[in-house]
Protein chains: 2
Amino acid sequence: MSSSNQNVASQLRKLIEDGHYPQGERLGEEAVAEQLGISRTPVRLAFRTLEQEGLLKRAGKRGFMVREFTDADVHCAVEVRGVLEGLAARRLAEHGVSSQQREEFEFWIHKGREVLDKGYLVEEDIQSWIELNWHFHELIVCSAGSGVIADAISRNNHLPFAAAASIVIDKGKLSHEYRKLQLAQLHHELIFQSLVNGEGARVEMLMREHALIGIRYSELL
Amino acid sequence: MSSSNQNVASQLRKLIEDGHYPQGERLGEEAVAEQLGISRTPVRLAFRTLEQEGLLKRAGKRGFMVREFTDADVHCAVEVRGVLEGLAARRLAEHGVSSQQREEFEFWIHKGREVLDKGYLVEEDIQSWIELNWHFHELIVCSAGSGVIADAISRNNHLPFAAAASIVIDKGKLSHEYRKLQLAQLHHELIFQSLVNGEGARVEMLMREHALIGIRYSELL
DNA sequence: TTTCTTTCTTTTGGATCCAAAGTAAAGGCT
DNA sequence: AGCCTTTACTTTGGATCCAAAAGAAAGAAA
């Protein structure tokens, strides 16, 4: 069971997200090390990384505990992503979209149409959407002209419920999710329009609203 | 020379900010450990922390290097703080300001008036302003009802040029800086007004503009 | 002379050990 | 019996050691 340093952080992240360690539980270095079959050293390194990511927090004088998240935290994390992606989009609009970026946008928008054009969703579509959605957002963030915004978003996305991929929740009610993705696709296309038109204020507002799909639209669609 | 784990990160942060290690320079664990008079272990831990903070980045397959920042990075870091503090302020406005928070705001605004009322700046005023300014911003961020926003801002503030404290730059031209702080004070008071009036949109806009004082107002004031 | 390969050096990752700090527990005192 | 003190145990922080990987340098072949 080889585990390079970053891999340990990933494993721990997954264990926490999967609820293997309940929120608020205290994590001992020794215990975690034993569970992963490694020594304490890489665990200690991973703890520092996870602490910065906000998944762990210091438990008093000694050790770490799994951070507890309130509903307000979830809402805020989504809003944080909204304002940051909004900032990235506005900068891109103000700076201008290159022809290559334009093509990439069109490619991922086309992919989105492909998923939705048949009028309903199947299981595989969810993974397709997650991927194209990720690429679309990544394209905006990476085109903002500075890694600082990308970093801030990336750090925020370490909170599992904050990432853009968390749009699709309920795999049971696919017909219900279809309308959600339909709206998300509409957002994508509006955002693309605004970007190429250089409408900074509008694209920022659209991005911010787009981020809220996961938490404020569920009961309405 | 005792150096607890977090202290090592602080020391390294300071060394980097002071330009002791030039941007782009590769940092060896052994070398840094020797300079700080400690062993490699705490240095390795600190590197992971600094990496997450964005001050270090991985140098290829092996080791870390001091991250290089462009002008765009500086600008973005300030804008990131602006949108995040703006989000925090809007949430506070929408949620309502408690009477205790109101008193604290009034206290720090009063402190600001004290600094500026005599009509000019002296050396000591700078430190006073940095402190009251910090408290004012901290009050907004911590009142947003979720640690997630505070964390995001805190992480961004690890970039030295991004922190709100970086408003005062030139200690030589104090008369020049006076007008800047005068405007900042005006912002603070407008922000306070909007907050207590529940004007979410306005206070968000004000906070965002307020963040830009450090980079967009210098040549105009 | 250039390039590919092999060897050697440097540096990092992981494991283990020791000391120090924290916490829990036991015992003594009021 | 309750509380304080002292003791024992647990857990973390730092140092050192070893192995593996990356990089550099040297040597051989074309």
Between [atom2] on [N] and [atom1] on [X], what's the gap in Å once rounded to a whole number?
{"X": "B:Glu29", "N": "C:dT11", "atom1": "CD", "atom2": "P", "answer": "11 Å"}
{"X": "A:Arg26", "N": "C:dT23", "atom1": "CZ", "atom2": "C1'", "answer": "10 Å"}
{"X": "A:Asn7", "N": "C:dT12", "atom1": "CG", "atom2": "P", "answer": "20 Å"}
{"X": "B:Leu36", "N": "D:dA15", "atom1": "CG", "atom2": "P", "answer": "11 Å"}
{"X": "A:Gln11", "N": "C:dG14", "atom1": "CD", "atom2": "P", "answer": "11 Å"}

Kindly check if the number of other-residue, nucleotide or ligand heavy atoms within 6.0 Å of CD (B:Glu94) is above 12?
-> yes
For side-chain contact (heavy atoms from CB on, under 4.5 Å), just list the numbers for B:Ile140 and B:Phe105, CA-CA rounded to whole Å, side-chain angles, deciding distance to a tenth of an Å, and then say yes or no.
-> CA-CA 9 Å; B:Ile140 293 176; B:Phe105 275 116; 3.5 Å; yes
Kindly say whether A:Ala46 contributes a backbone atom to a donor-acceptor pair with the side chain of B:Arg48 at under 3.5 angstrom?
-> no
Is a side-chain donor or acceptor of A:Gln23 paired with a backbone partner of A:Phe69 at a separation under 3.5 angstrom?
-> yes
Taking only residues at least two apart or on different chains, which pairs with a member in [range] satisfy salt bridge (charged side-chain N to carboxylate O under 4.0 Å, His left out)?
{"range": "residues 134-150 of chain B", "result": "none"}
{"range": "residues 16-28 of chain A", "result": "none"}
{"range": "residues 71-88 of chain A", "result": "A:Glu79-B:Arg90, A:Arg81-A:Glu85"}
{"range": "residues 58-68 of chain A", "result": "A:Glu51-A:Arg58, A:Arg67-B:Asp151"}

Begin from the C-alpha positions of B:Glu53 and B:Arg13 and carry the test salt bridge (charged side-chain N to carboxylate O under 4.0 Å, His left out) through to its verdict.
-> CA-CA 10 Å; B:Glu53 289 178 2; B:Arg13 224 177 277 131; 2.9 Å; yes
Any residue meeting salt bridge (charged side-chain N to carboxylate O under 4.0 Å, His left out) with B:Glu30, in chain and number order, not counting sequence neighbours | none
Interface polar pairs with nucleotides 4-7 of chain D, N/O, under 3.5 angstrom:
none

For the residue pair [X] and [Y], establish whether any side-chain heavy-atom pair is separated by less than 4.5 Å.
{"X": "B:Leu159", "Y": "B:Leu55", "answer": "yes"}
{"X": "A:Leu12", "Y": "A:Phe47", "answer": "yes"}
{"X": "B:Phe192", "Y": "B:Glu106", "answer": "yes"}

Please produce a list of atom pairs where a protein N or O lies less than 3.5 Å from an N or O of nucleotides 21-24 of chain D.
unit_1, atom_1, unit_2, atom_2, d
D:dA22, N3, B:Arg62, NH1, 3.3
D:dG23, O4', B:Arg62, NH2, 3.0

For A:Ser154, all residues meeting side chain to side chain contact (heavy atoms under 4.5 Å, CB included), sequence neighbours excluded | A:His158
Residues in side chain to side chain contact (heavy atoms under 4.5 Å, CB included) with A:Leu174, at least two apart?
-> A:Leu121, A:Ile126
Does a nitrogen or oxygen in the side chain of B:Arg44 sit under 4.0 Å from OP1 or OP2 of D:dA15?
-> no
Does D:dA15 have OP1 or OP2 sitting under 4.0 Å from an N or O in the side chain of B:Ser39?
-> yes
If one requires at least 3 consecutive Watson-Crick or G-U pairs with distances under 3.5 Å, the stems of DNA chain C turn out to be C:1-30 with D:1-30
Nearest-nucleotide comparison on DNA chain C, the residue closer to the 5′ end among B:Thr41 and B:Leu27 | B:Leu27
Neighbours of DNA chain D within residues 45-58 of chain A, by heavy-atom distance under 4.0 Å = A:Arg48
For nucleotides 17-19 of chain C, which of its nitrogen or oxygen atoms have a protein nitrogen or oxygen under 3.5 Å away, and what is each distance?
none

Does the side chain of A:Glu114 come under 3.5 Å of the side chain of A:His110 through a donor N or O and an acceptor N or O?
-> yes
